[in-house]
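Reviewing the structure listed below.
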Protein chains: 2
Amino acid sequence: MNLLSYGLLGLLARHESSGYDLMLRIQPFWQAKHSQIYPLLARMEKNGLLSSRWIQQSDKPDKKIYMITDKGIHALQQWTHESVSPPVTRDEMSLRLFCLWLADKGSAIRMFEERKRHFNSRIAHLEGILDAIPAENLSFGSQAFSDYVLVQKGLLNAKAGLDWCNMVLKMMAAGDVKEEHNPFILKN
Amino acid sequence: MNLLSYGLLGLLARHESSGYDLMLRIQPFWQAKHSQIYPLLARMEKNGLLSSRWIQQSDKPDKKIYMITDKGIHALQQWTHESVSPPVTRDEMSLRLFCLWLADKGSAIRMFEERKRHFNSRIAHLEGILDAIPAENLSFGSQAFSDYVLVQKGLLNAKAGLDWCNMVLKMMAAGDVKEEHNPFILKN
DNA sequence: AAGCTCATGTAAGTTGTTACATGATTGA
DNA sequence: TCAATCATGTAACAACTTACATGAGCTT
């Protein structure tokens, strides 16, 4: 039982869905390809955490719907009591910044503009999800509250990233203004 | 040549260092264990991107110092021209939030408090790095500018995460206040 | 005496990516 | 007609983690 499998279990605890659908639902919060998800679901079913049935569709390909079992619910609740491991972020851009000093300004600007586009589309996507969350009953035990909290996590993060890009672009535009007079350089 | 190897190349372009030191230097921005770094450095040396020499130490174990070769510098500069792939974040907490609605409030609060501690220690660590960056010559081509930008990236991110934790904790403390009157629920 | 830091490596296992494989329907 | 979406799977490979292995010096 790895972290991804608990994520899938958490999604299936809300409502049954196909592997394809799970892949799409988990995407914004945990990147996983279908080639990782399908075998994992099969293994989880073999271990009795899930059950499945096939749904025939006339217009689209048939699909396999997974649903969580009592054993699955139990495993999920056990997991809730364990401590959470710290986040792992692997961002090529961080590594790129190690050698920003030997890059030309033009390609640096393009890199930050590209990252701004990334954050803007992520913000748009998450705000779309946010709009779909029912505003009534946003109290602790509700699924809407879970969703709200999770989407805000991504949203605040993406906005911080966007702010950072804008800060850096302004600093680069300010050019060779001496740092004593540069309003962008703030230690704290 | 994977992303991590470019990261190591970027660090070695500044100054030569040991595998152990590289592991520590890369840690705050890309989590990698020594067991991944040592074989990678050996492979990079075999491919002519790095060279190495042993340094004897009397008080501590001997160490192997790697330095970047001309071929390594060239590879690094090539990489600078390629497009940057989007960040990948794997945070168990996001998955945990999928099923926040079936957790008890007490363990939820503990989870957020733990995450606050994580962000606080990360902020303290990054501010330590920030203080070591020379404030003079923070203009584009300098290593100090690279460092400043990179540390700000992590810092703004951690601060956004901390704000998010505090927001959620306040929402939970507000309890069953109806959402129309709850000042913490803001769409946008 | 026990555990941490420094220091380098290997072995075995898990996780994640890319590519292969198929095939109908819908929209540009 | 070309590409995308829906839908499920396998195979091969790359990336990453955990555990094994060693050993001196320093701190509690």
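Protein chains get the first letters and strands the later ones, always in sequence-line order, with residue 1 at the start of each.
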Quiz item: Going by modelled atom types, is there a donor-acceptor pair between the base of D:dT8 and the side chain of A:S18 at under 3.5 Å?
Solution: no

Expressed in angstrom and rounded to an integer, what is the separation of [X] atom [atom1] from [N] atom [atom2]?
{"X": "B:L3", "N": "C:dT18", "atom1": "CG", "atom2": "P", "result": "10 Å"}
{"X": "A:L50", "N": "D:dT8", "atom1": "CG", "atom2": "P", "result": "14 Å"}
{"X": "A:W54", "N": "D:dA7", "atom1": "CH2", "atom2": "C1'", "result": "8 Å"}
{"X": "A:D21", "N": "D:dT8", "atom1": "CG", "atom2": "P", "result": "9 Å"}
{"X": "A:H34", "N": "D:dT8", "atom1": "NE2", "atom2": "P", "result": "10 Å"}
{"X": "B:I37", "N": "C:dC6", "atom1": "CD1", "atom2": "P", "result": "14 Å"}
{"X": "B:R90", "N": "C:dT14", "atom1": "CZ", "atom2": "P", "result": "18 Å"}
{"X": "A:Q56", "N": "D:dT8", "atom1": "CD", "atom2": "P", "result": "13 Å"}

Self-check item: Candidate nucleotides C:dT15, C:dT8, D:dA7, ranked by approach to the side chain of A:P61 - the nearest
Solution: D:dA7

Exercise. Just compare C:dT17, D:dC6, D:dG23 and give me whichever is closest to any side-chain atom of A:L24.
Key: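 For the A:L24 side chain, the nearest candidate turns out to be D:dC6.
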
Exercise. Identify, between B:V88 and B:Y38, the residue whose nearest nucleotide on DNA chain C lies closer to the 5' end.
Key: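 Looking at DNA chain C, the more 5' nearest nucleotide goes with B:Y38.
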
Counting only side-chain N and O atoms of [X], is one of them less than 4.0 Å from OP1 or OP2 of [N]?
{"X": "B:N2", "N": "D:dA15", "answer": "yes"}
{"X": "B:Q57", "N": "C:dA7", "answer": "yes"}
{"X": "A:Q31", "N": "C:dG16", "answer": "no"}
{"X": "A:Y20", "N": "D:dT8", "answer": "no"}

Practice problem: Could you check whether A:K60 gets within reach of a base, just the sugar-phosphate, or nothing at all, counting any heavy atom under 4.0 Å? | Solution: sugar-phosphate

Quiz item: Touch check for A:K33, heavy atoms < 4.0 angstrom, all strands: base, sugar-phosphate only, or nothing?
Solution: base

Practice problem: Give the C-alpha distance, both sets of side-chain angles, the deciding distance and a yes or no for salt bridge (Lys or Arg N to Asp or Glu O under 4.0 Å) between B:K116 and B:D163. | Solution: CA-CA 9 Å; B:K116 276 183 71 174; B:D163 289 345; over 6 Å; no

Quiz item: A:F112 and A:W164: aromatic ring centres closer than 6.0 Å?
Solution: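 For A:F112 and A:W164, the ring centres are under 6.0 Å apart.
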
Quiz item: Do B:W30 and B:Y6 have their ring centres less than 6.0 Å from each other?
Solution: no

Exercise. State, yes or no, whether a side-chain contact exists between A:S17 and A:R25 at a heavy-atom distance under 4.5 Å.
Key: yes

Quiz prompt | Comparing A:Q36 and A:D62 on DNA chain D - which has the more 5′ nearest nucleotide | solution = A:D62

Quiz item: Between A:S5 and A:N2, does any side-chain donor sit less than 3.5 Å from a side-chain acceptor?
Solution: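 Side-chain D/A pair, A:S5 to A:N2: present.
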
